[in-house]
Amino acid sequence: GNHRVRIRRSSNPFESNAHGMTTLADTVARSAFGLWEPTRPPLTHYAFAKRTLLPGGPLKGTPYDPATDPVQLYFTQQLDSGRWRALFWAAPPQIAGKTQCAIIVPVLRALLELKSTVGYGLPTLHDLDRGWHSKIAPTFKEAGYGEYLPKRGPGSKGGRPPSVTLEDPHENRAPLGSVIFLAGAAKQVTCKVIAIDELDAWRTSDGSPRWQDIEDVWARADSYQNEAIRIGVGTVETDDPKQSIVLACVNEIGTGTRLHARCPHCQSYGPLDWDGFTYEYRTLNGQAGADTKHAAETAAYVCPRCAVRWSEDDRRAALLGCRFAHKGQTVDAAGIVQGDQPKTDSFGLRTHALDCILTTMATIAEKYAGARYALEQDGNHDPMRKFYRYQRV
């Protein structure tokens with residue numbers, strides 16, 4: 001606790017004390033406390049996140065702090081709350097921070113702080129090979145933990161074995177936690193933390209969701225009961241939202257949580273609606289293509305309550321002053337969430353591009369204008385489909 005223990009040291013364990021009695025008790029105490037190593041409790045996800053480095057982007061190599069992004073901070077707080085059986089997050093690629101916040105941080109924390117077994121799931125073994133080579137192992141290194149990867153044995157040569165055990169470089173390469181790779185058919189495997197990536201891609205050859213395989217992966221953590229952490233993240237990979245696995249996990253199984261931005265002009269709260277996003281669309285004079293520069297320059301968001309057009313600075317201020325509310329809830333003018341929480345033990349969060357602080361309305365408008373041109377001028381629907389899946393989520 002907070003008590004100090006003072007241990008008397010003696011070169012002769014059988015020397016006499018002031019009363020002429022030997023001090024064998026001192027020897028016993030010295031032996032016991034000499035082997036005692038008081039340890040700190042495991043770092044929270046938030047505290048551990050700040051010990052990692054950003055793996056990419058303009059700030060690559062700098063310390064990561066979830067508090068710089070309200071969505072990432074909120075998701076990290078839910079991880080630390082210990083109240084959810086599972087946590088789901090549907091968000092855009094590249095600009096939401098899903099990999100760092102929802103995969104790398106909880107996986108590395110479990111491996112290094114808890115020395116636990118972690119299950120990392122992707123739809124197929126081929127995906128696992130690709131994910132380990134091109135995503136997870138490189139991100140471990142970029143996050144500042146490359147020295148923890150094994151120097152000998154499975155995983156030391158860069159390949160993906162069935163499991164990889166991390167090693168403590170500061171304790172003579174002592175084994176830490178292990179990553180077990182799961183593609184849905186993992187039996188007789190017990191993991192404290194399960195992280196399923198690319199959740200929307202868990203489908204059969206005919207496109208049907210592989211719900212049973214997903215449940216089998218979740219079940220690998222059942223023996224840990226309330227201490228288990230189950231995470232499922234991904235982008236939307238189907239044109240019909242009703243067929244999306246990740247959206248079903250977020251909105252039907254989970255809490256259906258949304259960011260409610262605070263208008264910097266009227267101070268009201270509400271989700272950022274795509275009907276409020278506006279830009280001027282025009283084609284290039286005498287050339288093929290949309291005038292994406294003009295689209296970027298005219299991008300804005302119109303508050304549905306006070307009708308004021310937001311600048312990019314306004315949008316960032318609105319995000320930094322946001323609140324989060326589950327499905328069926330609202331946020332009043334004082335910023336207090338109103339309404340009952342959904343009766344579920346699974347947390348589900350959906351964020352789209354307008355919710356992401358790592359992008360700008362100008363960038364969004366450029367993508368929107370390019371997709372519109374491809375659709376209207378070339379009859380190519382693919383860019384607009386991708387815009388709906390990856391930007392509007």
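What you are looking at is a predicted structure, and each value in this text was computed from that prediction instead of being measured.
Hydrophobic clustering of Ile, Leu, Val, Met, Phe, Trp and Tyr side chains at less than 4.5 Å, counting indirect connections, keeps Y390 apart from W274. Put simply, I229 and L114 are part of two different groups of oily side chains (I, L, V, M, F, W, Y) that touch within less than 4.5 Å, one to the next. I231 and L43 fall within a single hydrophobic cluster, where Ile, Leu, Val, Met, Phe, Trp and Tyr are joined by side-chain heavy atoms under 4.5 Å apart, directly or via other members. Note: the hydrophobic cluster containing W310 does not contain Y269 (ILVMFWY, side chain heavy atoms under 4.5 Å, direct or indirect links). I180 and Y224 sit in two unconnected hydrophobic clusters of ILVMFWY residues. Membership requires side-chain heavy atoms under 4.5 Å apart, directly or through other members.
No side-chain donor from either of E167 and T165 sits under 3.5 Å from a side-chain acceptor of the other. Side-chain contact, T255 with W84: no donor N or O sits under 3.5 Å from an acceptor N or O. T238 and D240 share no donor-acceptor pair across their side chains, judged by distance under 3.5 Å alone. Side-chain polar atoms of H294 and E280 form a donor-acceptor pair below 3.5 angstrom. Inspection of the R85 and S346 side chains reveals no N or O donor paired with an N or O acceptor under 3.5 Å. A donor-acceptor pair shorter than 3.5 Å can be found between the side chains of T204 and D206.
Inter-residue side-chain proximity for D275 and P304 is flagged as unmet; no heavy-atom pair is nearer than 4.5 Å. Within the 4.5 Å cutoff, no side-chain heavy atoms of E237 are placed close to those of E198. Annotation: side chain of C306 is in contact with side chain of C263 (closest heavy-atom distance under 4.5 Å). The side-chain heavy atoms of H265 and D314, taken from C-beta on, include a pair separated by under 4.5 Å. A 4.5 Å side-chain heavy-atom check between W89 and V246 finds every atom pair outside the cut-off. A 4.5 Å side-chain heavy-atom check between Y145 and L112 finds at least one atom pair inside the cut-off. Between L247 and R350, some side-chain heavy-atom pair lies under the 4.5 Å cut-off. For the pair I364 and Y279, the minimum side-chain heavy-atom distance is 4.5 Å or more.
Scanning all heavy atoms of the two residues, the minimum distance from L176 to D168 falls at CD1-N, 3.6 Å. Here the shortest heavy-atom pairing between C322 and P70 reads SG-CB, 3.8 Å. When all heavy atoms of E366 and T292 are compared, the pair lying nearest together is CG-O, 3.5 Å. Contact record, N251 with G256: OD1-CA, 3.7 Å, taken as the closest heavy-atom pair. The two residues L53 and Q100 have their closest heavy-atom pair at O-NE2, 3.3 Å. When all heavy atoms of L59 and T62 are compared, the pair lying nearest together is O-OG1, 2.5 Å.
In summary, E376 and R372 engage in a salt bridge, as defined by a charged side-chain N under 4.0 Å from a carboxylate O. With respect to D216 and R210, no salt bridge is recorded, no charged nitrogen being found less than 4.0 Å from a carboxylate O. At a threshold of 4.0 Å, the pair R203-D200 counts as salt-bridged, since one of the basic side-chain nitrogens sits closer than that to a carboxylate oxygen. The pair R389-D239 meets the salt-bridge criterion, since a charged nitrogen lies less than 4.0 angstrom from a carboxylate oxygen. Ion pair D127/R130 flagged as a salt bridge, since at least one NZ, NE, NH1 or NH2 atom sits closer than 4.0 Å to an Asp/Glu carboxylate oxygen. A salt bridge links K135 with D197: the closest approach of a Lys/Arg side-chain nitrogen to an acidic carboxylate oxygen falls below 4.0 angstrom.
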* To do: Give the C-alpha distance, both sets of side-chain angles, the deciding distance and a yes or no for side chain to side chain contact (heavy atoms under 4.5 Å, CB included) between I136 and V179.
  => CA-CA 11 Å; I136 301 303; V179 182; over 6 Å; no
* Would F140 and Y120 count as a ring-ring contact (aromatic ring centres under 6.0 Å, His included) if you check the C-alpha gap in whole Å, the side-chain angles of each, and the deciding distance to 0.1 Å? -> CA-CA 14 Å; F140 278 6; Y120 176 63; 8.9 Å; no
* Determine, stepwise, if the pair F48 / L108 fulfils side chain to side chain contact (heavy atoms under 4.5 Å, CB included). => CA-CA 9 Å; F48 184 84; L108 274 176; 3.5 Å; yes
* To do: In sequence, state the C-alpha distance, the side-chain angles, and the governing distance for V233 and F88, and then conclude on side chain to side chain contact (heavy atoms under 4.5 Å, CB included).
  => CA-CA 6 Å; V233 300; F88 304 110; over 6 Å; no
* side chain to side chain contact (heavy atoms under 4.5 Å, CB included) evaluation trace for D65 with L73 -> CA-CA 8 Å; D65 187 351; L73 175 61; over 6 Å; no
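Atom CD of Q94 has 12 or fewer heavy atoms from other residues, nucleotides or ligands within 6.0 Å. The neighbour count for H170 NE2, taken as heavy atoms of other residues, nucleotides or ligands under 6.0 Å away, is above 12. For K386, the NZ atom counts as loosely surrounded, since its 6.0 Å shell holds 12 or fewer non-hydrogen atoms of other residues, nucleotides or ligands.
With T344 contributing its side chain and I253 its backbone, the two residues share a donor-acceptor pair below 3.5 Å. Side-chain atoms of T359 never come within 3.5 Å of backbone atoms of C356 as a donor-acceptor pair (strictly under, hydrogens ignored). Of the possible polar contacts, one joining the D332 side chain to the G335 backbone as a donor-acceptor pair under 3.5 Å is found. In this structure, the side chain of Q329 engages the main chain of H326 through a donor-acceptor pair within 3.5 Å. At distances below 3.5 Å, at least one donor-acceptor pair connects side-chain atoms of Q72 with backbone N or O atoms of A96. With R282 contributing its side chain and A290 its backbone, the two residues share no donor-acceptor pair below 3.5 Å. Of the possible polar contacts, one joining the D80 side chain to the H45 backbone as a donor-acceptor pair under 3.5 Å is found. Between the side chain of E312 and the main chain of M361, a donor-acceptor pair closer than 3.5 Å is present. With S244 contributing its side chain and P241 its backbone, the two residues share no donor-acceptor pair below 3.5 Å. Panel note: side chain R305, backbone C266; no donor-acceptor pair is recorded below 3.5 Å.
Rounding to the nearest 0.5 Å places CG of D355 at 10.0 Å from CG of D69. A distance of 4.5 Å separates CD1 in I104 from OG1 in T139, rounded to the nearest 0.5 Å. Rounded to the nearest 0.5 angstrom, L375 CG and N380 CG are separated by 8.0 Å. Taking SG from C303 and CD from Q267, the interatomic distance works out to 10.0 Å, rounded to the nearest 0.5 Å. Atom-to-atom distance recorded for I196:CD1 and R230:CZ is 10.0 Å, nearest 0.5 angstrom. Atoms OG1 and CD, from T52 and E142 in turn, are 12.0 Å apart once rounded to the nearest 0.5 Å.
Separation of the F324 and Y74 ring centroids falls under the 6.0 Å cut-off.
Exactly one residue among Y373, Y281, F387 makes a ring-ring contact (aromatic ring centres under 6.0 Å, His included) with Y368. That residue is F387. Each of L79, T76, V105 was evaluated against Y46; a single residue qualifies, T76, per the side chain to side chain contact (heavy atoms under 4.5 Å, CB included) test.
Cation-pi geometry between R385 and Y388 is not satisfied (NZ or CZ under 6.0 Å from the ring centre, within 45° of the ring normal).
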